[in-house]
Amino acid sequence: MSKPELLAPAGSPEALLAALRCGADAVYLGGEACNARSTAHNFSRDALLQAGRACKVRGVKLYVTLNTMLTDGELPQALSLAEDAVAAGADALIVQDLGLMQLLRTHLPQVKIHASTQCSVQTARGMDLLQRLGCSRVVVPRECTRDELAALVQTASIELEAFVHGALCVSVSGQCLMSAALGGRSGNRGNCAQPCRLPFTPSMSLKDLSLLREVSKAPLNQVASLKIEGRQKRPEYVAAAVSVLRSKLDGTPSPVSEDELRQTFSRSGFTQGYYHTKRDREMFGARQKEDLASAELLRGMRRLYEKEVACVPVDMLVTCAAGQPIRLTVTARGHSVTVQGEVPAASEQGALDEATLRQQLTKLGGTVFAAREISVALGEGLWLPVRAINALRRAALGELEDALAQIEPRRAGGTPYQICADGTAASRAPMLWLRFNTHAQMPAGLPAGARIFLPCETAPDVLRQLGAQVSVPAGVFGAHEAVLQQLHAAKAAGAQQAMAHTLDGVALALAAGLTPIAGEGMNLCNRASLAAVIELGVGGAVVSNEITPSGLRNLQREIPVGAMVYGRQRLMLVRQQQPAELVDRKGIKFPVCMRGDCAEVVNSRPLWLADMREKLPAMDFAVMSFTTESREECAHAIAAWARGEACGGEFTRGWFK
């Protein structure tokens, strides 16, 4: 069985060299926009071309990140960046936005698409839908357990990439609005301010992940790729992590100890809690004084990559005959080049011997090449100066490097993405969709025509009695079969629709014969993403809570489209048991709603747009989402929406600034 590839972060050109020289099989990096690490060094177009050449020469794969949520106005830029990545020889693009996936299939059909971990896909059924959207690989959530990953290895239709070292976000990736809601810096758009690392009660700062001792065992040794987090980390961190994991995978002594790896970067040490299903307070930690790398340690890590590493075996065939220019053919990875040098002179004394010729040809220090087989055909009584042999070798290796770096041309197809005028928005008053955490919250006398959504775990008799539709948990993970049975029961009770925040929920709804409704957790905010979910069978869509009013106006209405207009927005999806509320350093309380083994951390204040009804973009439905409210509070909010009343307490305007 082949070993998984070792995939390293490259947040800067120096980090790229560290990854290449310490043994990475593949690297991932971002361009100047549309990537989830906007504060990393990142790569200009010219730097990207140089990075592509460095990877091609060494036979290392290059993956370029385009892994942010995108607006319609940003999609042309994203496609242009994708073209730059292809020109640089990128082996795949790492993508979050479902709309960009849709466009890449027609615009750059030959490029591979890897679904970012921000897609939040946790099940094989969800991965089937990613494959339909053109993806060949998915980065699985860091929260998956060993047993869940083992099941995915057996059932997933596409390649799996798993994080094995680096920082852990407390929220499931792609399901976090904390930074956007509290500071206006969106994690989904590459600008997370990491508010979860600030003091909370209880703490939300997780230790870093390290599965070093697991990578040679199943199921990790059965996935396609083992990924190191860290595009914002220093090159010494990349060198240390790659060196340790390379040695572990190859079964060779490591130049870096586990303790040195911890000192290079950690937060109170490491955790394997998610993987081993030990989701307790031992997983949490923050940077301590003893976690800081010493200058001496960093110097040692720099020595790991300061010199070029001979990593490309090369075969040589040299022919030196009387009256003909000396010829050298060099071959590596199926590429061969032949160069000619000077014509040897006749010499009865001091003639060139085979040992000298071999010695000069194998002087490859400072290059990526290592001599393997050398075949020599040398006539008698011939002489060449050493400088001529050295020049011959340098010329041959230079041309071989150019051949190895050659990029297969891949042309863009289809028409460029056009930004259209405002879509055909509904002109009538929007329908009212009411989403409750429990049927006990529902007040009597709901508005006529209001559509009710209750959790899919609600008793079928209750669903039937209330004529309710259902919602699917955003955190499904290993409970997907139980959720599917609940959806089948809901279907039998008369439900027709299921609101889902991930592709897992969409797939489960389809399997149960229900029409999926894309929830706000699907992060839909452009026309292409809407078209993508329509293709999958979605029958309605709640747009992202981060969409702008103009973005909502632009969405065409092939299916009903709406937005959240009231409720405590979900700020995090946490696969941890949590208390009833989290308290930040200012004493602000954030309620927590448990669903299965996941906690939904919601905003401290509700979104309130009732008094702005006339200014809102036209939409087909308006979602009021009730989480912690009592029945009386729900009744008050519904009545206030109908009357267009202002909020009497603290509130947020959310996406409508």
Could you check Leu66 against Ile94 for side-chain contact (heavy atoms from CB on, under 4.5 Å), going step by step and ending with a plain yes or no?
-> CA-CA 6 Å; Leu66 288 168; Ile94 304 174; over 6 Å; no

Counterpart residues, salt bridge (Lys or Arg N to Asp or Glu O under 4.0 Å), relative to Asp597 (two or more places apart) | Arg279, Arg575

Among all residues two or more places apart in sequence or in another chain, which pass the side-chain contact (heavy atoms from CB on, under 4.5 Å) test with Leu292?
-> Arg287

Applying the side-chain contact (heavy atoms from CB on, under 4.5 Å) test to Leu503, which of Met127, Arg125, Met522 qualifies?
-> Met522

Pair Arg137 + Glu5, salt bridge at N-O below 4.0 Å = yes

His165 and Ser210 side chains, donor-acceptor separation under 3.5 Å = yes

Hey, are Arg197 and Ser205 close enough side-chain-wise for a donor-acceptor pair under 3.5 Å?
-> yes

Taking the six-membered ring for Trp and the full ring for Phe, Tyr or His, determine whether the centres of Tyr28 and His114 are under 6.0 Å apart.
-> no

Determine, for Arg302 against Glu14, whether the closest basic-nitrogen to carboxylate-oxygen distance falls under 4.0 angstrom.
-> no

Could I get the full list of side-chain hydrogen bond (donor to acceptor under 3.5 Å, both in side chains) partners for Arg262, not counting sequence neighbours?
-> Asp259

Could you check Lys278, Lys207, His276 and say which one makes a side-chain contact (heavy atoms from CB on, under 4.5 Å) with Thr271?
-> Lys207

Go through the side-chain N and O atoms of Ser625 and Arg435 and say whether any donor and acceptor fall under 3.5 Å apart.
-> yes

